[in-house]
Amino acid sequence: MTGSLPFTISKTESFFDKFSEWIGDVFYDILPEAGFELRDEQIFMAFQLEKAFREKKVIFSEAGVGTGKTIVYLLYAICYARYKKQPAIIACADERLIEQLVKKEGDIAKLEKALDLNIDVRLAKSRDQYLCLNKLDPFVDGDDEAYHAVYDSLPDFVHEGSTLQKFHRYGDRTEYSSLTDNEWANINWDPLQDCLACSRRHRCGLTLQREHYRKAADLIVCSHDFYMEHIWTKESRKREGELPFLPDGSCVVFDEGHLLEFASQKALTYRYAERTLETLLTRIMDNDIREKTLNLMEKAIFLNDQLFIELEKYSEASRASEKLTVKKAPSVSRIAEDLLWTLESLQEELVFESEMFVINDYNLKIVEEYLDQISYSLTLFARRSVGINWLEIHNGEKTLVIMPKMVQEVLRKEVFSQEKPFVFSSATLSERKSFEYMANSLGIDSYLSFSVESPFDYEDVMNISLRDYSKAGFAARAQYTIQQIRSSGGRALVLFTDRDELRSFKSLAEGEFEFPVLFEGDAEISKLVSRFQNEEQSVLCSVNLWEGLDVPGSALKNVILFALPFPPNDPVFAAKREEADNAFDEVDLPYMLLRLRQGIGRLIRTSTDQGEVHILLDRTLDREILEKLLDVLPVQPQNSGSSDLAAGTN
């Protein structure tokens with residue numbers, strides 16, 4: 001029965017004592033009888049988590065590939081949610097991975113069948129994962145059949161003007177999986193949508209989905225980004241009379257928890273889009289406002305245009321990143337200061353306008369809130385040096401981004417001060433067997449921790465080959481990759497660190513194979529992953545699936561790492577390097593080795609899996625770095641025969 005515990009507790013018995021007994025039955029009897037492998041590492045993890053739930057503490061749960069850690073934390077989350085009568089929050093690394101958890105062949109479905117449970121699990125996706133009806137409208141008048149298909153798929157109640165009697169959820173990105181990421185960006189929600197004032201708000205897919213997931217009994221699955229956005233906006237939404245994005249959870253699990261710090265920074269980030277100011281001000285310029293106010297508006301719009309011209313002029317591209325590094329040239333700083341002063345003056349004048357009642361109160365409130373945010377963003381950019389700044393340009397639209405460097409104090413206060421279990425789950429949480437770096441960076445003062453190795457015998461099931469190429473050897477790396485894909489008859493995952501290299505490889509690979517080659521960005525990612533898993537000879541090429549991808553069985557026999565995953569030379573990592581005593585040893589190398597381990601971990605997901613990993617190296621790679629790389633490989637690489645470097649690894 002939904003909502004009931006899978007074991008009975010009398011009035012004199014403890015939940016945790018009975019739960020512990022049931023966990024033993026599950027792992028020693030029920031799951032093995034249902035065809036699950038009995039893994040000592042998994043059982044050890046299960047009883048380690050018990051203390052964290054009893055004491056309502058943070059626990060770093062580092063468990064190697066194949067441990068079955070997802071099954072363990074799901075059992076705890078479901079039962080604890082039913083015990084506390086509050087849903088558990090499962091926060092995955094990003095939007096691409098939350099679908100993995102609830103797919104029909106995923107761990108939740110397996111548990112439902114094995115334990116005869118009906119698990120109420122609902123997805124809470126970020127706002128940009130939903131269709132915006134207002135943004136779709138202009139495209140319906142065009143000739144693009146893709147957008148016509150989206151419009152034709154809308155439920156009838158979207159177009160009706162009467163009170164809703166019956167409705168169902170719609171508008172999720174996965175429903176339009178054939179759209180490319182660029183096509184989707186034209187019609188999805190974005191920060192400039194005034195949702196509160198929208199006449200279609202109560203027919204909006206985003207609104208309906210939010211009402212749906214808030215009623216979950218067992219699990220709400222979201223991304224790290226969305227959870228942190230919930231945390232940062234919770235109090236302000238309450239002040240505005242709105243519900244927080246998420247209900248209070250009984251516990252929180254951070255899957256791939258080593259990535260939470262960046263999600264926290266991202267959630268605190270201020271984004272100032274070029275068109276925001278003009279869009280806001282033109283909304284109220286037609287009112288009967290005073291000439292002084294109108295002149296300030298026109299001046300603000302002019303300075304805004306000049307600022308973004310100068311920002312683009314003094315920005316430089318970053319390697320393997322879409323973030324443009326902003327140089328604060330004197331002209332940039334001067335215009336930013338002028339714009340800030342103008343906006344502050346405008347805000348004072350709008351106070352007088354509000355007293356004259358010539359502007360609609362609601363519209364004025366929206367404008368004032370946005371002006372506050374823009375002014376604060378410009379203050380951080382122009383007058384303080386505590387943030388990380390960069391410029392993004394997408395389809396000609398420019399956005400200035402200001403991100404905080406440090407988030408631990410905010411996390412300590414807003415997240416980890418809560419008296420509830422927080423579980424960090426990942427194969428890579430510790431640094432040289434210590435969890436202190438992770439705890440300090442997240443503002444966690446007290447925690448439990450443990451590590452268990454993978455149960456797999458990699459020597460018997462995995463071969464690793466190293467190949468080295470010159471820095472300019474893209475064509476040679478691409479040809480080697482094509483040869484290896486042919487050799488394995490498809491069944492390959494190719495991981496890139498650079499979107500430009502992914503696009504270049506796509507151009508070379510077209511027409512080379514008789515089986516499907518799938519590229520991230522060409523369709524919604526969960527559709528691509530599903531095709532990759534179910535079309536056995538297919539190939540998947542990705543920039544973002546170094547972690548979290550779970551494709552067991554014969555669909556994946558070959559993992560090719562097109563380059564070592566060093567961090568991009570973008571403003572975020574530049575700031576991290578500035579904070580470090582030894583930037584390469586403290587930032588670049590740990591990031592690369594962790595991501596390398598994650599990428600290799602995509603290959604072997606069950607005890608019956610086997611295959612090859614090919615790692616393509618830069619020929620100038622320092623010998624000391626190579627030795628550190630070899631130390632983290634699960635097996636000794638075989639002689640690739642490509643050069644002295646590769647031969648020297650045997």
Side-chain angles (χ1 to χ4, degrees), residues 93 224 228 256-271 311 314-329 332-333 380-381 384-392 400-411 426 428-432 434-443 471 496-501 543-544 546-547 561 563-599 617-618 620-629 631-632:
H224 289 180
M228 298 316 304
E256 303 295 353
H258 61 282
L259 299 174
L260 184 65
E261 181 186 9
F262 180 71
S264 303
Q265 288 177 305
K266 187 176 176 182
L268 274 176
T269 292
Y270 290 87
R271 300 179 64 85
L311 284 171
Y314 289 102
S315 295
E316 295 180 351
S318 306
R319 181 185 63 81
S321 173
E322 296 178 352
K323 302 178 180 70
L324 303 177
T325 300
V326 174
K327 290 188 175 181
K328 284 189 182 178
V332 172
S333 298
L380 292 177
F381 175 71
R384 302 184 191 175
S385 58
V386 295
I388 308 166
N389 311 308
W390 69 85
L391 187 69
E392 294 177 357
L400 175 63
V401 185
I402 303 102
M403 172 186 280
K405 286 184 180 180
M406 303 298 180
V407 294
Q408 56 264 58
E409 289 306 318
V410 182
L411 284 168
S426 176
T428 50
L429 288 170
S430 64
E431 175 71 20
R432 297 182 179 91
S434 170
F435 296 90
E436 280 299 297
Y437 175 81
M438 180 73 66
N440 291 338
S441 66
L442 296 173
K471 284 188 176 181
F496 294 84
T497 61
D498 187 322
R499 288 189 181 276
D500 289 338
E501 290 196 336
V543 173
N544 289 299
W546 288 75
E547 49 219 336
L561 311 185
L564 288 182
F566 283 105
N569 189 29
D570 68 10
V572 175
F573 282 97
K576 284 182 174 288
R577 294 179 185 109
E578 288 175 5
E579 297 290 329
D581 293 328
N582 186 320
F584 185 81
D585 286 345
E586 295 176 33
V587 178
D588 294 65
L589 188 59
Y591 176 94
M592 183 275 285
L593 294 175
L594 184 151
R595 203 156 173 81
L596 177 75
R597 290 164 60 195
Q598 289 282 351
L617 307 175
D618 180 348
T620 62
L621 187 69
D622 186 272
R623 175 64 63 173
E624 290 185 9
I625 300 173
L626 179 61
E627 290 173 356
K628 288 183 171 64
L629 181 154
D631 284 342
V632 303

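The first residue in the sequence is number 1, and the count goes up from there. Side chains are part of it too, since the values below use all heavy atoms of this structure and drop only hydrogens, waters and symmetry mates.
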[X] side chain near [Y] side chain, heavy-atom distance below 4.5 Å:
| X | Y | answer |
| --- | --- | --- |
| Leu268 | Val407 | yes |
| Arg271 | Thr269 | yes |
| Leu429 | Phe435 | yes |
| Leu564 | Leu596 | yes |
| Met228 | Gln265 | no |
| Trp390 | Met403 | yes |
| Leu561 | Thr497 | no |

(Q) For the residue pair Ser441 / Gln408, report whether a side-chain donor-acceptor contact shorter than 3.5 Å exists. (A)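 Side chains of Gln408 and Ser441: no pair found under 3.5 Å.
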
Q | Lys576/Glu261 under salt bridge (charged side-chain N to carboxylate O under 4.0 Å, His left out): CA gap, chis, key distance, verdict | A | CA-CA 12 Å; Lys576 284 182 174 288; Glu261 181 186 9; 3.7 Å; yes

How many angstroms lie between atom [atom1] of [X] and atom [atom2] of [Y], to the nearest 0.5 angstrom?
| X | Y | atom1 | atom2 | value |
| --- | --- | --- | --- | --- |
| Thr325 | Asn389 | OG1 | CG | 10.5 Å |
| Leu593 | Gln598 | CG | CD | 12.5 Å |
| Thr428 | Leu594 | OG1 | CG | 3.5 Å |
| Leu626 | Lys628 | CG | NZ | 11.0 Å |
| Phe584 | Leu589 | CZ | CG | 5.0 Å |
| Ser264 | Leu259 | OG | CG | 10.5 Å |

Contacts of type side-chain contact (heavy atoms from CB on, under 4.5 Å), residue [X], not counting sequence neighbours:
| X | answer |
| --- | --- |
| Pro590 | Glu431 |
| Leu324 | Ser315, Ala317, Leu391, Ile393 |
| Ala580 | Glu586, Val587 |

Sequence neighbours excluded, which residues qualify as ring-ring contact (aromatic ring centres under 6.0 Å, His included) partners of [X]?
| X | answer |
| --- | --- |
| Tyr314 | none |
| Phe381 | none |
| Tyr591 | Phe573 |

If the condition is salt bridge (Lys or Arg N to Asp or Glu O under 4.0 Å), which residues does [X] pass it with, not counting sequence neighbours?
| X | value |
| --- | --- |
| Glu409 | Arg412 |
| Glu579 | Lys405 |
| Arg597 | none |
| Glu624 | none |

Q | Trace of the side chain to side chain contact (heavy atoms under 4.5 Å, CB included) decision for Val572 with Phe262 | A | CA-CA 9 Å; Val572 175; Phe262 180 71; 4.2 Å; yes

Q | Presence of salt bridge, Arg499 and Glu322, under 4.0 angstrom | A |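 Yes, Glu322 and Arg499 are salt-bridged.
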
**Q.** Pairing residues for Glu316 by the side-chain hydrogen bond (donor to acceptor under 3.5 Å, both in side chains) criterion, not counting sequence neighbours
**A.**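 Counting only residues at least two positions away or on another chain, Glu316 forms a side-chain hydrogen bond (donor to acceptor under 3.5 Å, both in side chains) with Lys327.
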
Q.
Run the side-chain hydrogen bond (donor to acceptor under 3.5 Å, both in side chains) test against His224 and tell me which residues pass, sequence neighbours left out.
A.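 Not a single residue meets the side-chain hydrogen bond (donor to acceptor under 3.5 Å, both in side chains) criterion with His224.
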
(Q) Would Ile625 and Met592 count as a side chain to side chain contact (heavy atoms under 4.5 Å, CB included) here? Give the steps. (A) CA-CA 10 Å; Ile625 300 173; Met592 183 275 285; 4.1 Å; yes

Q: Mind listing the closest non-hydrogen atom pair of Gly257 and Ser426 along with its distance?
A: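 What the structure gives for the nearest pair is N-CB, 4.0 Å.
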
(Q) Would the distance check show the side chain of Ser434 and the main-chain N or O of Ser430 forming a donor-acceptor pair, the cut-off being under 3.5 Å? (A)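 Checking the backbone N and O of Ser430 against the side chain of Ser434, no donor-acceptor pair under 3.5 Å is found.
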
